[in-house]
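Have a look at the structure below before the remarks.
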Amino acid sequence: MAAGGFCKLPTGSVVVALNLPRPTPDGTGSVRVLVHARNRARALTRLRNLGLRAVYLRGNAAPPTPDEITAVLHHPDGLIWRTAPCPDVVPAVPALVPGPAQELWHPIRALMRRPAAPAQP
């Protein structure tokens, strides 16, 4: 089951955040997907319409942060993703510990894009 959560906005709409598994060459990895929609059901329907059929939101264990909410509200599609941080690597005080630069958010079509087929001779 994917970790995730939601946040209801003052306008009545919601932002849903989900950590979904993403296959990588070493067999591990996940992405954090954010969806802005009228309600939770519509947010999950938007993901299912993109081909993510087995997406469910159970509970509110990992709600979106204020920075994530701002990011998805300012994106025209209202549907973005980035690589999820590894929970073992997250420092207690991130501002004081130098580390790799934070990855930028990507539009969902970049995640759903299939790799190009190799050229045929």
Side-chain angles (χ1 to χ4, degrees):
M1 179 168 50
F6 68 96
C7 181
K8 190 161 180 131
L9 302 176
T11 61
S13 61
V14 297
V15 174
V16 174
L18 293 168
N19 287 359
L20 303 174
R22 180 181 186 199
T24 57
D26 62 356
T28 60
S30 62
V31 294
R32 179 95 163 152
V33 178
L34 297 172
V35 184
H36 178 236
R38 187 175 302 161
N39 56 44
R40 285 180 289 172
R42 284 185 186 255
L44 296 176
T45 299
R46 288 186 73 187
L47 291 172
R48 290 183 185 125
N49 287 343
L50 291 170
L52 302 171
R53 299 288 181 207
V55 175
Y56 296 97
L57 180 61
R58 305 239 194 272
N60 200 14
T65 64
D67 290 338
E68 290 175 333
I69 293 170
T70 301
V72 75
L73 290 177
H74 284 88
H75 194 272
D77 294 337
L79 192 54
I80 56 177
W81 71 276
R82 74 173 165 198
T83 305
C86 179
D88 300 335
V89 180
V90 177
V93 183
L96 301 178
V97 179
Q102 185 75 16
E103 180 182 4
L104 297 177
W105 290 99
H106 308 283
I108 196 70
R109 63 184 162 270
L111 179 64
M112 305 308 291
R113 188 179 307 142
R114 299 189 192 284
Q120 301 264 337

Shortest non-hydrogen pair, A43 vs V16, comes out as CB-CG2, 3.6 Å
So which heavy atom on C7 is nearest to which on P64, and how close? CB-CG, 3.9 Å
Return the NE2 to OG1 distance between H75 and T70, rounded to the nearest 0.5 Å. 14.5 Å
Rounded distance (nearest 0.5 Å) linking atom CG of L52 with atom CG of L44: 10.5 Å
Exercise: identify the closest heavy-atom pair between R46 and D77: NH2-O, 2.7 Å
Exactly one candidate in R38, H36, K8 meets side chain to side chain donor-acceptor pair (under 3.5 Å) with S13; the answer is H36
How is the hydrophobic cluster of L34 composed, in terms of its other members, when Ile, Leu, Val, Met, Phe, Trp and Tyr link through side-chain heavy atoms under 4.5 Å apart, directly or indirectly? L9, V15, I69, V72, L73, I80, W105
Residues at least two apart in sequence or cross-chain that pass salt bridge (charged side-chain N to carboxylate O under 4.0 Å, His left out) with R32, listed by chain then number, are E68
Going by the rule side chain to side chain contact (heavy atoms under 4.5 Å, CB included), which residues pair with V31 if we only count those two or more places apart in sequence or in a different chain? L20, R22, V33, W81, L111
Tell me whether the count of non-hydrogen atoms from other residues, nucleotides or ligands lying under 6.0 Å of NE2 in H74 goes above 12. no
When you compare the side chain of V35 with that of L18, does any pair of heavy atoms fall below 4.5 Å? no
Can you tell me how far CZ of F6 sits from CG of N60, rounded to the nearest 0.5 angstrom? 4.5 Å
Okay, side chain of N39, backbone of A41: is any donor-acceptor separation there less than 3.5 Å? yes
Output yes when a side-chain donor or acceptor of E103 lies under 3.5 Å from a complementary backbone atom of R82, and no otherwise. no
